[in-house]
> 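I'd like to ask some things about the structure below.
Throughout, protein chains are lettered first and strands after them, A, B, ... in sequence-line order, and every chain is numbered starting at 1.
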Amino acid sequence: MIDKTVASAEAAVADIHDGASVMIGGFGTAGMPDELIDALIALEVGNLTIINNNAGNGETGVAALIREGRVRKIICSFPRQADSHHFDARYRAGEIELELVPQGNLAARIQAAGAGLGAIFTPTGFGTQLAEGKETRTIDGVDHVLEYPIRADFALIKAHEGDRWGNLVYRKTARNFGPIMAMAARTTIAQVARVVPLGNLDPEVVVTPGIFVQRVVPIGSHSIGSTAA
Amino acid sequence: MIDKTVASAEAAVADIHDGASVMIGGFGTAGMPDELIDALIALEVGNLTIINNNAGNGETGVAALIREGRVRKIICSFPRQADSHHFDARYRAGEIELELVPQGNLAARIQAAGAGLGAIFTPTGFGTQLAEGKETRTIDGVDHVLEYPIRADFALIKAHEGDRWGNLVYRKTARNFGPIMAMAARTTIAQVARVVPLGNLDPEVVVTPGIFVQRVVPIGSHSIGSTAA
Amino acid sequence: MKRLNREDMAWRVARDIPEGAYVNLGIGLPTKVANYLPKDREIFLQSENGLLGMGPAPAPGDEDWELINAGKQAVTLLTGGCFFHHGDSFAMMRGGHIDLCVLGAFQVAINGDIANWHTGEPDAIPAVGGAMDLAIGAKKTFVMMELLTRDGTSKLVERCTYPLTGLACVSRVYTDLAVFELEGNRARIIERAEGVSHDDLRAMTGLALC
Amino acid sequence: MKRLNREDMAWRVARDIPEGAYVNLGIGLPTKVANYLPKDREIFLQSENGLLGMGPAPAPGDEDWELINAGKQAVTLLTGGCFFHHGDSFAMMRGGHIDLCVLGAFQVAINGDIANWHTGEPDAIPAVGGAMDLAIGAKKTFVMMELLTRDGTSKLVERCTYPLTGLACVSRVYTDLAVFELEGNRARIIERAEGVSHDDLRAMTGLALC
């Protein structure tokens with residue numbers, strides 16, 4: 001019997017290694033897998049490359065990971081925010097590398113990785129600083145930039161419900177990067193409010209099929225609706 | 001008030017013009033929008049470019065469109081089947097042009113169109129006849145072929161339920177190409193078993209958001225489960 | 001001379017959004033447009049973080065922090081709205097499915113170039129978010145901004161000096177002093193605030209406005 | 001010499017599929033493998049037309065023609081299975097998420113090349129379906145086929161003469177006479193049918209088997 005559920009966040013992240021690339025779901029704090037990140041911080045591995053839309057908000061989640069000095073490089077679209085002070089400080093001190101990617105290219109590159117494409121020509125960013133040095137091509141009269149897939153060793157995401165086969169459904173805008181990151185990482189670890197019996201998730205409404213998920217951790221729903229800064 | 005529902009299949013397809021490119025959903029007969037195709041046949045426009053996974057089965061749907069001589073070119077992955085005799089005859093007579101595309105590249109090229117990508121490097125087909133003359137590139141040690149988006153003037157698809165904003169849900173494996181074709185056509189026309197009041201479709205389970213759908217035609221459910229050859 | 005305040009500007013933009021339009025409102029000033037959409041028009045607001053059919057802010061205390069907009073403010077979902085992932089969200093944008101995008105800007109050039117993501121100052125931490133996708137993805141891109149900076153420099157310019165967000169993508173600029181249509185490398189004044197003349201605008205911008 | 005019949009071959013392949021594997025069975029002969037999966041193993045069958053967790057054929061009369069497999073036969077869905085669109089389906093394949101793909105073939109070369117989509121005859125109507133995606137997308141690609149054509153020609157060859165489906169992607173070939181592991185441009189016999197010798201296989205294939 002296949003059972004992808006793991007009892008604790010600590011056990012779920014135990015094999016994340018020094019220097020690993022880790023996608024982390026969430027747009028701001030919505031969909032941020034705080035408990036998995038806390039377990040990762042407790043693991044005391046460093047030199048991580050983090051892929052997330054932001055670079056941390058306030059004191060929890062990605063911000064805490066940065067505060068603790070575990071992040072060597074971050075790939076994101078929107079690091080600078082009112083409450084990104086931990087990133088700001090480390091960035092200004094030259095202690096963290098930033099690869100800034102337009103949000104849609106970030107999504108498309110993650111999707112390219114999940115779908116096994118070698119590269120994509122995207123119109124976004126053409127002619128801007130963020131495309132400097134990149135290959136370009138005019139296709140059907142539209143200028144494009146060649147962008148490569150973003151893969152990761154691990155993805156940490158937050159879903160609403162999951163089952164022992166790894167099928168997931170999400171909640172409102174906490175869905176954001178979860179489904180596409182799940183497809184782009186070698187090992188995807190999903191924290192869920194609750195694990196439901198196999199068959200409880202309607203086959204028509206599963207958003208992330210279990211094939212993209214390796215571990216499911218029930219966390220409880222205490223953080224839903226209360227993760228605001 | 002925005003109401004995308006159209007009373008009849010005939011009215012829904014009335015502006016499909018001679019020489020139009022038309023995506024047609026379905027994998028074999030599952031998800032094939034038979035009633036929309038019948039309306040298209042009744043419209044008596046020709047020189048169509050059809051994008052479908054197959055090239056018709058039996059006497060209905062795409063097969064009927066080909067039988068009636070309305071198709072100048074077909075872009076598909078699997079034309080030759082036990083019951084593709086109408087295509088076979090016209091192809092052998094040189095009366096129809098065939099662009100054969102591996103099924104995954106067909107899907108990826110349709111998705112590229114829907115997502116506004118200019119081109120994609122895909123590993124599928126490299127080194128085969130179907131990649132002859134195409135640009136190739138080795139990326140991270142894997143050989144790829146450059147493939148371009150497939151767009152269309154119209155998409156005719158079959159969904160299960162829809163609402164007046166064009167939101168759609170599908171039924172079982174009749175989903176297949178519907179969601180991605182809806183994103184790749186200038187005008188997407190969906191036939192549905194029934195139109196439901198706005199709000200009846202759970203916002204978490206809508207598969208095709210209304211932004212991708214221009215017309216919704218209630219057809220009734222008589223053809224569900226009875227479309228086998 | 002009567003400048004439009006920011007609420008007036010939002011009202012002015014909202015008036016030009018037709019029924020049935022799929023619209024993305026950028027963070028900051030454009031977000032205000034949502035408050036002035038004519039009640040008799042069904043307009044679909046898309047938010048890049050995965051919702052279509054965005055409704056107004058919830059009553060205080062009713063916030064659900066898993067239902068937010070691109071600016072990370074709590075919002076609601078209209079009846080008929082839906083959720084989707086970031087891939088589909090940016091496919092809507094990049095794929096040309098959004099009819100209209102309204103953005104704020106540091107500068108807009110008369111050729112339609114826009115700069116709104118980075119001041120270019122060496123110590124500034126850059127952040128782009130969805131700005132570059134929004135600028136070039138929608139069928140039409142409108143900008144709303146004050147025409148002048150605090151020190152009186154025009155933000156509508158011959159050529160942008162700030163780092164670009166998108167090239168030749170803006171078609172209309174709504175400001176506190178006038179509304180401009182950009183076409184064929186020229187800016188045409190299509191509306192002026194009360195007491196503002198063509199000559200005033202030419203003097204303020206230094207542009208050969210028509 | 002005792003050849004395995006097609007049912008035996010399906011049983012033989014099934015025995016090598018581990019619990020938890022995500023598997024795509026090509027149309028034709030490989031479809032039979034589903035009938036022999038060990039009942040004590042949870043194995044996930046993916047079908048390219050958008051389902052995961054494919055179950056056995058329904059009882060006659062219970063067919064739902066909107067629930068079919070890649071061969072357009074009526075199937076069922078296991079508890080815990082789900083549906084998705086063609087884009088996601090081929091992302092599963094091309095993206096390397098499928099552990100194992102089992103395909104039929106006209107020819108397999110010892111370097112792992114496979115030809116299974118087109119005989120190359122000038123009057124044949126070509127049809128490729130998902131074959132090219134399946135061949136190169138899965139983590140492992142197995143082929144099951146009779147070793148010899150009806151006229152006694154080996155289908156395991158030095159180089160394919162039929163048009164290729166995928167290059168250097170097949171790692172194992174299950175036949176009615178032997179099972180071959182392909183590695184480093186060589187075919188190694190890992191199992192022989194009763195009464196079939198190494199020399200028999202070398203003679204039949206004309207290959208320097210090891």
Side-chain angles (χ1 to χ4, degrees), chain B residues 27-31 53-55 57 76-82 84 87-88 91-92 98 100-108 110-111 114 122-131 142-143 158 160 170-181 183 207-208 223-229, chain D residues 27 47-52 54 62-77 81-96 113-115 117-118 120 123-137 160 162-169:
Chain B
F27 182 87
T29 55
N53 186 58
N54 302 104
N57 300 77
C76 72
S77 87
F78 208 73
R80 185 200 63 218
Q81 298 169 89
S84 63
F87 169 79
D88 299 0
Y91 180 75
R92 291 216 157 90
L98 170 65
L100 190 68
V101 181
Q103 195 172 158
N105 284 356
L106 184 63
I110 292 169
Q111 288 187 289
T122 167
T124 300
F126 179 87
T128 74
Q129 276 186 8
L130 297 187
V142 179
D143 295 317
K158 181 183 185 177
H160 182 48
Y170 299 82
R171 189 172 174 277
K172 303 190 180 180
T173 58
R175 187 185 301 198
N176 59 67
F177 283 93
I180 64 174
M181 287 181 170
M183 297 171 72
V207 173
T208 295
S223 65
I224 288 179
S226 64
T227 54
Chain D
I27 57 176
S47 188
E48 69 197 37
N49 54 315
L51 74 162
L52 186 63
M54 184 168 65
D62 285 351
E63 295 88 353
D64 178 342
W65 295 103
E66 291 192 337
L67 178 47
I68 60 174
N69 65 13
K72 296 170 181 115
Q73 300 160 311
V75 295
T76 52
L77 189 75
C82 63
F83 302 109
F84 36 85
H85 64 53
H86 250 79
D88 284 345
S89 181
F90 280 86
M92 288 181 191
M93 220 165 280
R94 200 189 309 105
D113 288 357
I114 176 175
W117 72 281
H118 190 19
D123 69 332
I125 297 177
V128 65
M132 290 186 179
D133 307 275
L134 288 162
I136 59 124
C160 293
Y162 286 129
L164 293 179
T165 305
L167 278 61
C169 53

> So, for Pro163(D) and Gln129(B), which heavy atoms are closest and what is the spacing to 0.1 Å?
CG-NE2, 3.5 Å
> Using the ring pair (Phe, Tyr, Trp, His ring centres under 6.0 Å) criterion, which residues pair with Phe87(B)? Sequence neighbours excluded.
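Tyr91(B).
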> Which value, rounded to the nearest 0.5 Å, describes the distance between Lys72(D) atom NZ and Phe78(B) atom CZ?
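So the gap between those two atoms works out to 6.0 Å.
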> Taking Arg92(B) for its side chain and Asp123(D) for its backbone only, find out whether a donor-acceptor pair lies under 3.5 Å.
yes
> Does any backbone or side-chain atom of Phe90(D) lie under 4.5 Å from a heavy atom of chain B? Answer side chain, backbone, both or neither.
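Side chain of Phe90(D) only, per the 4.5 Å heavy-atom cut-off to chain B.
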> Which atoms form the tightest heavy-atom contact between Gly166(D) and Thr128(B), and what is the distance?
N-CG2, 4.5 Å
> Need one label for Ile110(B): side chain, backbone, both or neither, based on atoms under 4.5 Å from any heavy atom in chain D.
neither
> Could you tell me which of Arg80(B), Met181(B), Gln111(B) has the largest number of non-hydrogen atom pairs under 4.5 Å with chain D?
Arg80(B)
> With the side chain counted from C-beta on, respond yes when Val207(B) and Phe83(D) share a heavy-atom pair under 4.5 Å apart, and no when they do not.
no
> Out of curiosity, Asn176(B) CG to Leu51(D) CG, how far, rounded to the nearest 0.5 Å?
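With rounding to 0.5 Å, CG (Asn176(B)) is 11.0 Å from CG (Leu51(D)).
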> Is Asn69(D) close to chain B through its backbone or its side chain, or both, or neither, when contacts mean heavy atoms under 4.5 Å?
backbone
> Based on non-hydrogen pairs under 4.5 Å, which of Asn53(B), Asn54(B), Val101(B) is most in contact with chain D?
Asn54(B)
> Measure distances from Ala174(B) to the heavy atoms of chain D and classify the residue's part below 4.5 Å as side chain, backbone, both or neither.
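Both parts, backbone and side chain.
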> Tell me which of these, Pro102(B), Cys76(B), Ala108(B), has more heavy-atom pairs under 4.5 Å with chain D than the rest.
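Highest number of heavy-atom pairs under 4.5 Å: Pro102(B).
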> Between Lys172(B) and Glu66(D), which heavy-atom pair has the shortest distance, and what is it?
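That closest heavy-atom pairing would be CB-O, 3.1 Å.
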> Taking only residues at least two apart or on different chains, which pairs with a member in residues 87-96 of chain D satisfy side-chain hydrogen bond (donor to acceptor under 3.5 Å, both in side chains)?
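Pairs touching residues 87-96 of chain D that pass the test: Gln46(D)-Ser89(D).
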> Can you tell me how far the OG1 atom of Thr124(B) sits from the CG atom of Asp133(D), to the nearest 0.5 Å?
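The OG1 atom of Thr124(B) sits 4.0 Å away from the CG atom of Asp133(D).
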> If you count heavy-atom pairs under 4.5 Å between each of Leu134(D), Ile136(D), Val75(D) and chain B, which one has the most?
Ile136(D)
> Are the ring centres of Phe27(B) and His86(D) closer than 6.0 Å?
yes
> Any donor-acceptor pair under 3.5 Å linking the side chain of Thr173(B) with the backbone of Ile68(D)?
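Checked: pair present.
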> Let me confirm one number: the CZ-CG distance from Arg171(B) to Leu67(D), rounded to the nearest 0.5 Å.
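Interatomic distance, Arg171(B) CZ to Leu67(D) CG, rounded to 0.5 Å: 8.0 Å.
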